[in-house]
2 protein chains.
Amino acid sequence: MQQTRLRRPRIADVAEAAGVSKAAVSFAFNNPERLKPETADRIRGVAIELGYRPHPVARMLSAQRTMTIGVLTPQPLSQVFANPFFAYFAEGVSSVTEEHGFGLLLISPLRGSLTRALDRATVDGVVALGLDENHPEIEAIRRASVPMVLVDAPGWVEHSSVQVDDEAGARAAAEHVVGLGHRDVLIIAVEGPVANPSPDEGPNGGREIGESVTARRLRGYLSALEPAGLEVGPGSIVVAPATFEGGEAAFLRAWEDGLRPTAVLAMSDALAIGALQASRHLRLRVPRDLSIVGFDDLPIGRFSDPPLTTVHQPVRRKGEEAARLLLDGLGAKAGSPAQHRMLKTRLVVRRSTAAAPARIGREEVGVGE
Amino acid sequence: MQQTRLRRPRIADVAEAAGVSKAAVSFAFNNPERLKPETADRIRGVAIELGYRPHPVARMLSAQRTMTIGVLTPQPLSQVFANPFFAYFAEGVSSVTEEHGFGLLLISPLRGSLTRALDRATVDGVVALGLDENHPEIEAIRRASVPMVLVDAPGWVEHSSVQVDDEAGARAAAEHVVGLGHRDVLIIAVEGPVANPSPDEGPNGGREIGESVTARRLRGYLSALEPAGLEVGPGSIVVAPATFEGGEAAFLRAWEDGLRPTAVLAMSDALAIGALQASRHLRLRVPRDLSIVGFDDLPIGRFSDPPLTTVHQPVRRKGEEAARLLLDGLGAKAGSPAQHRMLKTRLVVRRSTAAAPARIGREEVGVGE
DNA sequence: GCGGTTTACTGAACCGGTTTAACGGGCAGT
DNA sequence: ACTGCCCGTTAAACCGGTTCAGTAAACCGC
């Protein structure tokens, strides 16, 4: 019984101990029907006694597949997890990968490089979240030729994608707010996690609207706000990481800068709830003094006080669809054509929005300025 | 240029195309200083032209390490992600693994078996979350002989562990509530995610208190409640999954069963916020009619209305410590002795707790029953 | 012009499995 | 007794890298 546990036993050790070939041991585990039952039993017995487990890496190498899929994010994981959105997305992805017996590997930049991380990743396919055209390594990632499904990113012809109608959702939110009579609207945009606005890159220079999630939502907001005659200067757009704290800080900052919005359009529920908290600090009553609209419709929105008016997007389903698309693609031998899914958003009106307050006591009313 | 992209190019293809040996190609990537600079450049040029990337699995097999660590959870990932606690824990783990260049693999039961998932996992080590003694596969997991750090689980001599003083934290919460004069206390315990109570397994049969997180917290609560003369029957303990919805449903259920607590001790912040929402449905004012204490001190607790009184535990740091312990253990050649860290908890009093309401109009006062 | 050291590169072993083709022995059929 | 077939098992090739030991050529000093 006093085995010298110097190194992990390998298949050859088991074979020797059982007096059979390596092939027989392999069969005992993977094709028992090819062996006489008692031989298979004996081999398995010896294997257990020796504490043998097939080496998963060797198995992968031989099988030419890893039974693992990756979730790729352009941000460090510590940032990714700080955004509650991610948990629901991952819930969706994992529910289908798990069902099909796949493991889940998180892929985030390795020493600053996403490409390096991707090259090191032992996966059969990747679900890429929020990878936009402006990413510096985009070309290398494209070339990696790993089966990949893009989520919340501009579709590439060669890869399937899952998107959500961000623009329409955002427009609905803004129309709702305009319809309630609001004229002073603050937009809180997402920075970093999930979407990267990078407003002053791109060929057109200046304030270009790229195709990131943030950009699409912003376009949706503006498409309702501008026709209504509201002027949305750069001053009335603030940017924050998509966390509770981010939203709180962003609203307080705007307030200190002298902004006095009667409505807030936040690009995520986390931001909205942060703004809600900030408004409590400032003794603003929501929705009486201030209306707030979120985006995502995470469960937490139902649990705030007041419950949050928000744009619903099927976060979980986005994850599910992406995973399904990826697994389907892996199953299909030949290069099956890329598919592009566009999921719907819809406005969910709860109780964080109401008619704009009468404009008494606030600046001049009517003419001027 | 019209390369036949039948299969992924391998090192031998590059070697042939460049007119060198496989070894030279390998050196060009990993030990360029062993080659004449122009040779190395030429090889790399050919590699790029062919679109060659070293096969990560082959590399792992040869290197005998994966540069990946696993996070093991006894629940399916879709459940794990539903518990907001996990995101913060993962944030902690990933912040240190990332810094050391390790990838992160999520390990959850595969077709019902954790052992199977663990056997398939290509990791150098594992952080196991909430794995308690009663887990049916505990023996097999122990035998797996993968470096492992246990979190929120009874420490094993052979593995390092990170725990939190759940019992003291829970006691502090209960003492707080008792000190405020509450006599009717409802306990909402965690089921499933993170901790598995499994109350009627175990050698002692019946309602045994094992060593799961739930069990330790329960013991903490009782150690303050019982000396104060409160009777805590099984009726005043309800169980729910550690989610917002779980907490809401649990409180409503208790209320329908006729329970009229003046205080709630919830074993997680998610549960507490769910209960808070339920109390709003029931038109109970918190903290005037009902006091609520959470556990964890997640950021969301600061953003509820009223802000949540809760037991702080360093969730992020728990993840960090576990990852650090694991990586230290991997670094040390010999079997370094297991370390056991016990982190502190502390009560954070915010505004969801207040003195118990006077007992007028509720049942009989004074004598009897 | 010779021994000794570098330099630049290669051949082969190795990591630990899976799988294919083949092989020997026993048995049935003629 | 010989052919043909099936069964249980095995030898060897393969997956795609890394690395160790070794070698041939160039360089060095004397």
Side-chain angles (χ1 to χ4, degrees), chain A residues 6-44 46-47 50-68 116 119-124 144-146, chain B residues 6-44 46-47 50-68 116 119-124 144-146:
Chain A
L6 291 177
R7 71 179 192 310
R8 169 182 190 137
R10 14 173 217 198
I11 200 168
D13 300 327
V14 179
E16 191 183 6
V20 295
S21 68
K22 294 195 311 173
V25 179
S26 180
F27 288 147
F29 282 86
N30 307 316
N31 288 61
E33 69 279 6
R34 289 193 53 173
L35 261 33
K36 208 177 356 173
E38 52 264 39
T39 311
D41 286 346
R42 183 165 49 86
I43 293 177
R44 276 193 292 257
V46 172
L50 261 50
Y52 168 75
R53 305 178 307 129
H55 195 298
V57 176
R59 208 197 270 251
M60 277 182 184
L61 180 60
S62 183
Q64 294 290 78
R65 44 181 209 160
T66 63
M67 290 304 283
T68 304
R116 186 158 23 220
D119 284 348
R120 280 208 170 341
T122 54
V123 297
D124 293 334
S145 76
V146 175
Chain B
L6 292 176
R7 72 180 193 308
R8 169 180 189 139
R10 8 169 221 198
I11 198 167
D13 300 326
V14 178
E16 191 182 6
V20 294
S21 70
K22 294 196 309 172
V25 179
S26 181
F27 288 148
F29 281 86
N30 307 316
N31 288 60
E33 69 279 5
R34 288 193 55 174
L35 260 34
K36 212 184 340 181
E38 53 264 37
T39 311
D41 286 347
R42 183 166 48 88
I43 294 176
R44 276 192 293 256
V46 172
L50 262 50
Y52 168 75
R53 304 178 308 128
H55 195 299
V57 177
R59 210 197 267 253
M60 279 181 181
L61 179 61
S62 182
Q64 294 290 79
R65 43 178 212 164
T66 63
M67 292 303 283
T68 303
R116 185 158 25 218
D119 284 350
R120 278 205 172 343
T122 55
V123 296
D124 294 333
S145 75
V146 176

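Remember, it's a predicted structure, so these values are computed and weren't measured experimentally.
- Counting non-hydrogen atoms under 4.0 angstrom, Val57(A) reaches nothing in the nucleic acid.
- Within the nucleic acid shown, Asn30(A) comes within 4.0 Å of sugar-phosphate atoms alone, with no base atom in reach, counting heavy atoms only.
- Closest non-hydrogen pair, Thr66(A) versus Val57(B), comes out as CG2-CG2, 4.1 Å.
- In this structure, Gln64(B) does not reach the dT18(D) phosphate: none of its side-chain N or O atoms is under 4.0 Å from OP1 or OP2.
- In this entry the distance linking CG of Leu35(B) with P of dT18(D) reads 13 Å, nearest Å.
- Residue Val25(A) is classed as having no contact, given no heavy-atom separation below 4.0 Å to the nucleic acid.
- The CD atom of Glu38(B) sits 11 Å away from the C1' atom of dA8(C) (whole-angstrom rounding).
- Residue Arg53(A) is classed as a sugar-phosphate contact, given heavy-atom separations below 4.0 Å to backbone atoms only.
- The base of dG17(D) sits with one of its N or O atoms less than 3.5 Å from a complementary donor or acceptor on the side chain of Lys22(B).
- Side-chain nitrogen and oxygen atoms of Ser26(A) include at least one within less than 4.0 Å of the OP1 or OP2 phosphate oxygen of dT18(C).
- Between dG17(D) and Arg59(B), no contact under 4.0 Å exists linking OP1 or OP2 to a side-chain N or O.
- Residue Arg10(A) has a polar side-chain atom (N or O) positioned under 4.0 Å from OP1 or OP2 of dC15(C).
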For this session: Could you walk me through whether Leu35(A) and Val20(A) pass side-chain contact (heavy atoms from CB on, under 4.5 Å), step by step?
Result: CA-CA 11 Å; Leu35(A) 261 33; Val20(A) 295; over 6 Å; no
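- The 5' end of DNA chain C is approached more closely, in terms of each residue's nearest nucleotide, by Phe27(B) than by the other of Phe27(B) and Ala58(A).
- At the phosphate of dG16(C), neither OP1 nor OP2 sits under 4.0 Å from any side-chain N or O atom of Tyr52(A).
- dG25(C) atom P lies 14 Å from atom NZ of Lys36(A), rounded to whole Å.
- Contact annotation: Ser62(A) side-chain N/O to dG17(C) OP1/OP2 distance is not under 4.0 Å.
- Computed from C1' positions of five pairs at each end, the angle between the two local axes of the helix from dG1(C)-dC30(D) to dT30(C)-dA1(D) equals 50°, rounded to 10 degrees.
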